Amino acid sequence: MKQYISYSTEVKEALESGKAIVALESTIISHGMPYPQNVITAREVEQIIRDNGAVPATIAILDGQIKIGLSDEELEVLGNSPDVAKASRRDLGYLLATKQKGATTVAATMICADLAGIRVFVTGGIGGVHRGAETTMDISADLEELAQTNVAVICAGAKSILDIGLTLEFLETKGVPVVGYQTDALPAFYTRTSPFDVNFRADDAETVAAMLKAKWDLKLQGGVVIANPIRVEDAMEESFITNIIEKALAEADEKGIAGKNVTPFLLGKVKELTEGKSLVANIALVKHNAVVGSGIAVAYQKLI
Ligand code: PSU
Ligand code: MN
């Protein structure tokens with residue numbers, strides 16, 4: 001297994017000295033945001049994690065290797081190459097064998113973080129059950145991964161391009177806890193609330209860390225969703241964004257967008273229809289998640 005994994009010097013040293021590490025995905029760079037904001041944001045998020053006492057480990061597939069921790073040049077390649085594949089669980093073996101470039105989704109990043117022994121992962125939003133899934137069966141592999149892989153995912157809740165209610169039902173069936181960080185309502189990415197409640201509320205990093213430790217000490221396999229609401233000053237007006245998401249969904253339907261292209265198409269369309277406002281909110285919420293996630297990683301490291 002080791003032949004497929006390579007670590008940056010920074011991450012290697014952190015692993016050896018028992019420092020807190022935060023995993024970061026790369027699909028958000030390649031398929032979630034446009035260039036150059038994607039690369040700029042990726043670098044800033046890494047720095048926020050360092051400033052908050054942890055070490056960032058951005059994960060991607062390059063040169064037949066799972067890279068844990070990327071150089072500036074590698075971030076640039078992921079953010080500005082036309083031939084980077086969106087890499088989820090099913091894609092890893094093929095991309096490694098054929099030495100193609102892959103940007104890891106939440107699911108694939110969880111797998112790679114777990115292989116490296118990293119338990120805390122920060123991102124923007126997770127995939128989920130898409131609206132209309134009762135006929136399309138479009139359910140993100142992120143959810144099955146949360147069901148089986150021991151990594152905590154700090155995100156801004158579930159985006160309303162998804163069916164949030166069905167996403168919560170799926171997670172409940174699989175025994176994945178959904179924790180609200182300083183909130184009782186499940187945030188909906190661009191907005192601080194949704195019509196749904198989280199399972200549990202935690203008001204500080206220590207409580208989250210203790211919960212992760214107890215779960216995994218009991219050998220209860222699987223991840224945890226930590227939902228951290230976007231800051232008030234960065235949140236979007238609910239009716240405005242709902243309207244835009246409806247339009248984006250209608251266009252995806254009309255154009256017959258399917259499979260792995262659905263989420264990137266919807267994110268791009270929402271950005272276009274909001275004239276870039278969704279991108280500003282997206283960047284702000286990822287940075288906020290990085291602050292909270294670093295605190296959780298540091299608190300967890302003290303317990304193990
Ligand atoms: N949501 C976002 N930005 C993203 C993604 C989701 O706001 O970049 C990406 C993540 O990498 C996530 C993936 O794991 O999309 C989910 O894709 P799918 O629905 O095809 O599983
Ligand atoms: Mn899908």
Side-chain angles (χ1 to χ4, degrees), residues 23-35 37-39 41-42 45 58-61 78-79 84-92 102-113 121-147 149 151 153-164 166-167 170-171 187-191 223 225 227-228 230 234 236 241 244-245 248-249 252-253 256-271 274 277-289:
L24 296 162
E25 64 155 306
S26 45
T27 295
I28 191 174
I29 305 172
S30 62
H31 293 73
M33 290 181 191
Y35 185 82
Q37 289 96 333
N38 55 359
V39 177
T41 304
V45 167
T58 307
I59 293 175
I61 312 299
L78 286 163
V84 178
K86 175 175 164 187
S88 194
R89 169 176 272 269
R90 66 141 185 234
D91 308 286
L92 294 180
T104 51
T105 62
V106 168
T109 305
M110 288 179 75
I111 294 169
C112 301
F121 163 24
V122 162
T123 189
I126 56 168
V129 180
H130 281 260
R131 297 204 210 169
E134 58 277 20
T135 51
T136 63
M137 289 191 59
D138 189 350
I139 301 173
S140 175
D142 294 353
L143 298 185
E144 284 290 354
E145 209 58 54
L146 281 160
T149 301
V151 173
V153 183
I154 291 84
C155 62
K159 211 177 290 86
S160 54
I161 58 173
L162 301 171
D163 187 319
I164 299 179
L166 291 187
T167 300
F170 192 103
L171 291 170
F189 203 77
Y190 303 115
T191 54
V225 175
N228 178 40
I230 188 169
D234 302 317
M236 300 185 76
I241 191 69
I244 292 215
I245 285 169
L249 286 165
D253 200 34
I257 309 287
K260 71 198 289 190
N261 299 325
V262 173
T263 299
F265 176 87
L266 292 172
L267 293 175
K269 207 20 90 181
V270 168
K271 182 198 160 241
T274 59
K277 288 199 192 81
S278 67
L279 179 60
V280 175
N282 200 343
I283 292 170
L285 68 83
V286 176
K287 289 181 178 176
H288 186 211
N289 292 346

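First listed ligand is number 1; within each ligand, the first listed atom is number 1. Keep in mind the model is a prediction, meaning the values are calculated, not measured.
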Per side-chain contact (heavy atoms from CB on, under 4.5 Å), Thr105 is matched among Ile126, Asp142, Asp91 by Asp142

Quick check: do Met236 and Thr274 have side-chain heavy atoms less than 4.5 Å from each other? yes

Short question: side chain of Ser26, backbone of Thr104 - any donor-acceptor pair under 3.5 Å? yes

Lys86 side chain to His31 main-chain N or O, any donor-acceptor pair under 3.5 Å? no

Rounded distance [0.5 Å steps], OH in Tyr35 versus CG in Leu78: 12.0 Å

As an exercise, state the distance from OH of Tyr190 to CG of Leu285, rounded to the nearest 0.5 Å. 8.0 Å

Hey, could you give me the CD/OG distance between Glu25 and Ser30, rounded to the nearest 0.5 Å? 8.5 Å

Distance alone, cut at 3.5 Å: any donor-acceptor contact between the side chains of Gln37 and Thr41? no

Under 4.0 Å from ligand 1, counting heavy atoms only: the protein residues, by chain and number: Glu25, Thr27, Ile28, Gly32, Lys86, Thr105, Val106, Gly125, His130, Ser140, Asp142, Lys159, Phe189, Thr263, Leu267

Indicate yes or no for a side-chain donor-acceptor contact from Asp163 to the backbone of Arg131 under 3.5 Å, with no hydrogens or angles considered. no

Using a cut-off of 2.8 Å, count how many protein N, O or S atoms are strictly closer to the Mn ion (ligand 2). 1

